[in-house]
J.: 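Handing you this structure, nothing more for now.
Quantities reported herein were computed from a predicted structural model and do not represent experimental measurements.
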Amino acid sequence: MTATFNLVARGGHPDFLDLPWGEPLSEWNHPRLVKMAHGMSRHIVRFVRYDDRVYALKETDEPLARGEYEMLRELREEHLPVVEPVGYVTTAAHDRAMLITRYLDFSLPYWYLFGREEMSLTDKLLDAAVVLLVRLHLENVFWGDCSLSNVLFRRDAGAMMAYLVDAETSERRATISDGMRRHDLSIAEENLIGGLLELQEQGRVAAGFDPMAVARDLIDRYDRLWDELTRPEEIKDGERWRIEKRIRHINDLGFDVEELSISSSGDQLLIKPILIEEGHHARELRRRTGLEVQENQARRLLADISSHRAWLERKSGRQTPAAVAAARWLADVYEPVVESIPADLAPKLEAAEVFHHVLEHRYYLSERAGYGVSHAEALADYIRNELTRQPAERQLQLETGPDDSLGTEADPDEPVTPGGA
């Protein structure tokens, strides 16, 4: 008997009509199921593969599935880093619904990173989580459930970028009060301590690791960034250059200023920045080259474009327009590196991340050799000695059995392997 169901899905994705929507998700036994590395969820979460794309299915109540789908759509339209909502399904067979989201390629759960990275990783993850939480609050979003399990991380030119995975408890307000922000921070602090204690019990962090101190550090980093981005600043009438300095500092933090609120009192100006969003460098790189990358990757690539422009000007003896330098860099530097990555190694890291590592590798090779090593030499050496040993991180798939992600955390000691192309 054919199940009755209602599917709401965005274009550009499979129709999902071959899946057994009439059955509870926990009872599925379907060839499309794959077992992906993931964090903890209070709901049943399973994954299906369509060619090189993987989708997460979360079973929940109909109002929650519909509400989370709409919230994720709204946040993505605001260019916030969240997983892509694809659709939701309601069925007549049982009083449940399923949210469908696209698996975020090259994303890594926290337990995978803590098991493989150096201890400075803690700083990177805290900074990434703080930027995400600040961005949400700047957009008047109360998260309500900030935790390690509700965040995925992507490598970003030596740093990390955090993406929101679960928006079930999120609320969009006309304005977000300081009390709401502090409440979100207290939830984040409690959840972070709990997640780190679990990692400590599993032996994935050192015995002397202090989860409480790390959680306090999270709050301190949040407060510092929030203050840098939002505090009013008094400027004397003869020091208007400090307005540009403040804007540049905010840009350096990765944010754009939409406008300044300026009030005058005698010979004093009180300025307060009104932010548009994070992604200053990513937008600038997109404008110049069309490349879509993350913020720190964009910062790194923009610096290389500037270096290439200076080299072109030294070589030609005349000024090179910025647009010409960007086009030359894209054609002569970036694309040859990306196109030289062997197809079987492409799932290991994003192309922009590989390019960043090649730049780093070239610097160290040149320093050791005592002369400037070429991009081609650095690329060949990096592929041979570094990239081949890098785990494939495009889609982390657990090795054993069919997917059984039934509302529990993935086993952090279970081997992972790349999934898909």
Side-chain angles (χ1 to χ4, degrees), residues 37-42 80-83 107-156 158-171 176-231 253-254 278 295-296 408-410 412-413:
H38 63 97
M40 183 179 293
S41 173
R42 67 177 66 88
L80 289 162
V82 301
V83 293
S107 64
L108 308 169
Y110 70 97
W111 57 260
Y112 172 87
L113 290 164
F114 269 102
R116 289 162 173 80
E117 302 288 328
E118 73 287 350
M119 286 310 296
S120 64
L121 169 76
T122 306
D123 291 331
K124 297 177 184 179
L125 297 189
L126 286 180
D127 283 340
V130 162
V131 169
L132 174 59
L133 194 51
V134 165
R135 288 188 67 179
L136 290 172
H137 289 168
L138 288 171
E139 294 293 334
N140 297 312
V141 176
F142 172 75
W143 190 345
D145 196 16
C146 176
S147 72
L148 289 172
S149 288
N150 288 337
V151 176
L152 287 172
F153 298 92
R154 294 175 80 177
R155 300 189 187 279
D156 189 10
M160 291 285 175
M161 184 167 178
Y163 287 76
L164 182 148
V165 176
D166 192 314
E168 183 177 305
T169 57
S170 300
E171 301 175 36
I176 187 168
S177 67
D178 288 343
M180 292 291 286
R181 290 194 301 108
R182 302 321 296 185
H183 184 43
D184 235 358
L185 283 171
S186 67
I187 294 171
E189 182 179 22
E190 181 179 347
N191 287 340
L192 179 59
I193 291 171
L196 293 177
L197 286 173
E198 289 179 0
L199 290 180
Q200 204 164 43
E201 290 177 2
Q202 296 160 1
R204 300 183 78 82
V205 296
F209 191 80
D210 187 349
M212 272 67 81
V214 174
R216 289 193 298 271
D217 192 16
L218 173 80
I219 305 300
D220 290 342
R221 291 173 192 243
Y222 173 94
D223 287 338
R224 288 197 298 271
L225 181 58
W226 184 265
D227 180 70
E228 287 287 351
L229 295 175
T230 64
R231 63 179 165 82
L253 294 173
E278 198 242 5
E295 180 64 12
N296 281 304
T408 59
E409 186 171 11
D413 296 317

J.: Begin from the C-alpha positions of Asp217 and Arg221 and carry the test salt bridge (Lys or Arg N to Asp or Glu O under 4.0 Å) through to its verdict.
T.: CA-CA 6 Å; Asp217 192 16; Arg221 291 173 192 243; 3.0 Å; yes
J.: Are Asp227 and Asp223 side-chain neighbours, meaning at least one heavy-atom pair lies under 4.5 Å?
T.: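 No - every pair of side-chain heavy atoms lies 4.5 Å or more apart.
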J.: Would you say the side chain of Asp145 lies within less than 4.5 Å of the side chain of Arg42, judging by non-hydrogen atoms?
T.: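 Yes, at least one pair of side-chain atoms sits under 4.5 Å.
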J.: Would you please test Ile193 and Leu197 for side-chain contact (heavy atoms from CB on, under 4.5 Å) and show each step?
T.: CA-CA 6 Å; Ile193 291 171; Leu197 286 173; 3.8 Å; yes
J.: Does a side-chain heavy-atom distance below 4.5 Å link Ile176 with Val141?
T.: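 Of all side-chain heavy-atom pairs linking Val141 with Ile176, none is under 4.5 Å.
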J.: Got His183 and Met180 here, is their nearest side-chain heavy-atom distance under 4.5 Å?
T.: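 Side-chain contact under 4.5 Å: no.
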J.: Specify the closest pair of heavy atoms between Ala129 and Ala162, including all atoms of both residues, with the distance to one decimal.
T.: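 Nearest heavy atoms, Ala129 then Ala162: N-CB, 4.1 Å.
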J.: Above 12 or not: heavy atoms from other molecules or residues under 6.0 Å from CD of Glu171?
T.: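 Above 12, so yes.
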J.: Taking C-beta and beyond as the side chain, do Leu80 and Leu164 meet within less than 4.5 Å on heavy atoms?
T.: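 They are not in contact (no side-chain heavy atoms under 4.5 Å apart), so the answer is no.
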J.: Mark yes or no for whether Ser170, through its side chain, and Gly144, through its backbone, hold a donor-acceptor pair below 3.5 Å.
T.: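 No: the side chain of Ser170 does not pair with the backbone of Gly144.
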J.: Would you mind reporting whether Leu185 and Leu133 have side-chain heavy atoms less than 4.5 Å apart?
T.: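 Yes, at least one pair of side-chain atoms sits under 4.5 Å.
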J.: Which value, rounded to the nearest 0.5 Å, describes the distance between Leu218 atom CG and Thr122 atom OG1?
T.: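 Rounded to the nearest 0.5 Å, the CG-OG1 separation comes to 12.0 Å.
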J.: Just how far is it from atom CG of Asn150 to atom CD of Glu168, taken to the nearest 0.5 Å?
T.: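 It is 9.0 Å, given to the nearest 0.5 Å.
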J.: Donor-acceptor pair, distance only, cut-off 3.5 Å: does the side chain of Asp184 make one with the backbone of Trp143?
T.: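 Pair found, side chain donor or acceptor close to backbone of Trp143.
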J.: Measure the CD1-CG distance between Ile219 and Leu192 for me, rounded to the nearest 0.5 Å.
T.: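 If I round to the nearest 0.5 Å, the distance is 8.5 Å.
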J.: Please round to the nearest 0.5 Å and tell me the distance separating atom CZ of Arg181 and atom OG of Ser186.
T.: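 Arg181 atom CZ to Ser186 atom OG measures 12.5 Å (nearest 0.5 Å).
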J.: Could you check Glu295 against Leu253 for side-chain contact (heavy atoms from CB on, under 4.5 Å), going step by step and ending with a plain yes or no?
T.: CA-CA 10 Å; Glu295 180 64 12; Leu253 294 173; over 6 Å; no
J.: Does Asp156 come within less than 4.0 Å of Lys124, counting only side-chain N to carboxylate O?
T.: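 Looking at Asp156 and Lys124, the cut-off is not met.
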J.: Looking at every non-hydrogen atom in both residues, tell me the closest pair between Arg154 and Ser107 and how far apart they are.
T.: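 Taking every non-hydrogen atom into account, CG-CA, 3.9 Å.
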J.: Just verifying a value: how many Å separate Asn296 CG and Asp127 CG, rounded to the nearest 0.5 Å?
T.: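 If I round to the nearest 0.5 Å, the distance is 9.5 Å.
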J.: Below 4.0 angstrom, N of the basic side chain to O of the carboxylate: do Asp178 and Arg182 qualify?
T.: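 So Asp178 does not pair with Arg182 through a salt bridge.
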J.: Is there a side-chain contact between Tyr222 and Val134 in this structure, where contact means two heavy atoms from C-beta onward sitting under 4.5 Å apart?
T.: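 They are in side-chain contact.
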J.: Does the side chain of Phe209 reach to within under 4.5 Å of the side chain of Leu199, using non-hydrogen atoms?
T.: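 No. Closest side-chain heavy atoms not under 4.5 Å.
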J.: Please assess Phe153 against Val151 for the test side-chain contact (heavy atoms from CB on, under 4.5 Å), listing each intermediate value before the final yes or no.
T.: CA-CA 7 Å; Phe153 298 92; Val151 176; 3.6 Å; yes
J.: Just say parallel, tilted or perpendicular for the rings of Tyr110 and Phe114, cut-offs at 30° and 60°.
T.: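 Geometry flag for Phe114 against Tyr110: perpendicular rings.
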J.: Yes or no on side-chain contact (heavy atoms from CB on, under 4.5 Å) for Leu148 and Asn191, after CA distance, side-chain angles and deciding distance?
T.: CA-CA 7 Å; Leu148 289 172; Asn191 287 340; over 6 Å; no
